[in-house]
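Notes for the one structure printed next.
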Amino acid sequence: MQVEQLAQQHQAQSVVSITVKIGPLSGVEAELLAHAFTIAREGSIATQAELILDTLPVKICCKTCQAESEVPPNQLVCQTCGDWQTTLVSGDELLLASLEFLQ
């Protein structure tokens, strides 16, 4: 829906590529999204579009030492001081990052 609206705003004839940024904590499996995309794009302005999935890292900020760390999705522990009291900075996103149109 958002892709079609943007394509109309830019008076595009078709969508060439769609880039989506996806974090491992987004709750979305990249492989399943790619499969669903091949079905969902049929009959739309994005029928021939390529889906590009850009995987983002999980980043946290430590509440104790204020250090920002890139961590595995299942280990949200500060890489500097080892404290578990952290805040998620990124890694749970599912964002439409860019579209490439054919005018």
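This is a predicted model, so every value here is computed, not measured.
Between Ala12 and Ile45, the closest heavy-atom pair is O-CD1, 3.5 Å. The two atoms that bring Cys62 and Cys65 nearest to each other are SG-N, 3.4 Å, heavy atoms only. Nearest heavy-atom pair across Ile22 and Leu33 is CD1-CD2, 4.5 Å.
Note on Leu25 and Leu53: separate hydrophobic clusters, where clusters join Ile, Leu, Val, Met, Phe, Trp and Tyr whose side-chain heavy atoms are under 4.5 Å apart, directly or indirectly. No path of Ile, Leu, Val, Met, Phe, Trp and Tyr side chains, each step under 4.5 Å between heavy atoms, connects Val28 with Val58, placing them in separate hydrophobic clusters. Connection of Leu94 to Leu56 is not established within any shared hydrophobic cluster, with ILVMFWY side chains joined at heavy-atom distances below 4.5 Å, either directly or through further cluster members.
Taking CG of Asp83 as the start and SG of Cys78 as the end, the distance is 7.0 Å to the nearest 0.5 Å. Atom CG of Leu88 is separated from atom CD of Glu93 by 7.5 Å, given to the nearest 0.5 angstrom. The distance from atom OG of Ser69 to atom CG of Leu76, rounded to the nearest 0.5 Å, is 10.5 Å. Between the CD atom of Glu68 and the OG1 atom of Thr87 there is a distance of 10.5 Å, given to the nearest 0.5 Å. Rounded to the nearest 0.5 angstrom, Arg41 CZ and Glu50 CD are separated by 9.5 Å. In this structure, the separation between CG on Leu99 and CD1 on Ile52 is 10.5 Å, given to the nearest 0.5 Å.
Put simply, the side chain of Val71 does not reach to within 4.5 Å of the side chain of Val77, judged on heavy atoms. For the pair Ile18/Phe37, a side-chain contact is recorded, criterion being any heavy-atom separation below 4.5 Å from C-beta on. Using a 4.5 Å heavy-atom cutoff, the side chains of Thr47 and Glu42 are in contact. Looking at heavy atoms from C-beta onward, Leu6 lies in side-chain contact with Leu96 at the 4.5 angstrom threshold. Contact check for Val16 versus Phe101: no side-chain heavy atoms found under the 4.5 Å cut-off.
Annotation for His35: atom NE2 does not count as buried by contact number, only 12 or fewer foreign heavy atoms lying within 6.0 Å. Under a cut-off of 6.0 angstrom, the local environment of CD in Gln66 is crowded, with over 12 non-hydrogen atoms contributed by other residues, nucleotides or ligands. Summarising the local packing, CD of Gln103 is surrounded by more than 12 heavy atoms from other residues, nucleotides or ligands at distances under 6.0 Å. Open room surrounds CD on Gln48; 12 or fewer heavy atoms of other groups in view lie less than 6.0 Å from it.
Not one N or O on the side chain of Gln9 forms a donor-acceptor pair closer than 3.5 Å with the backbone of Ala7. Checking side-chain atoms of Thr19 against main-chain N and O of Ala97 turns up no donor-acceptor pair under 3.5 Å. Proximity of a side-chain donor or acceptor of Gln11 to a complementary backbone N or O of Gln8 within less than 3.5 Å is not detected. Under the 3.5 Å distance criterion, the side-chain polar atoms of Glu29 are left unmatched by any main-chain donor or acceptor of Gly27.
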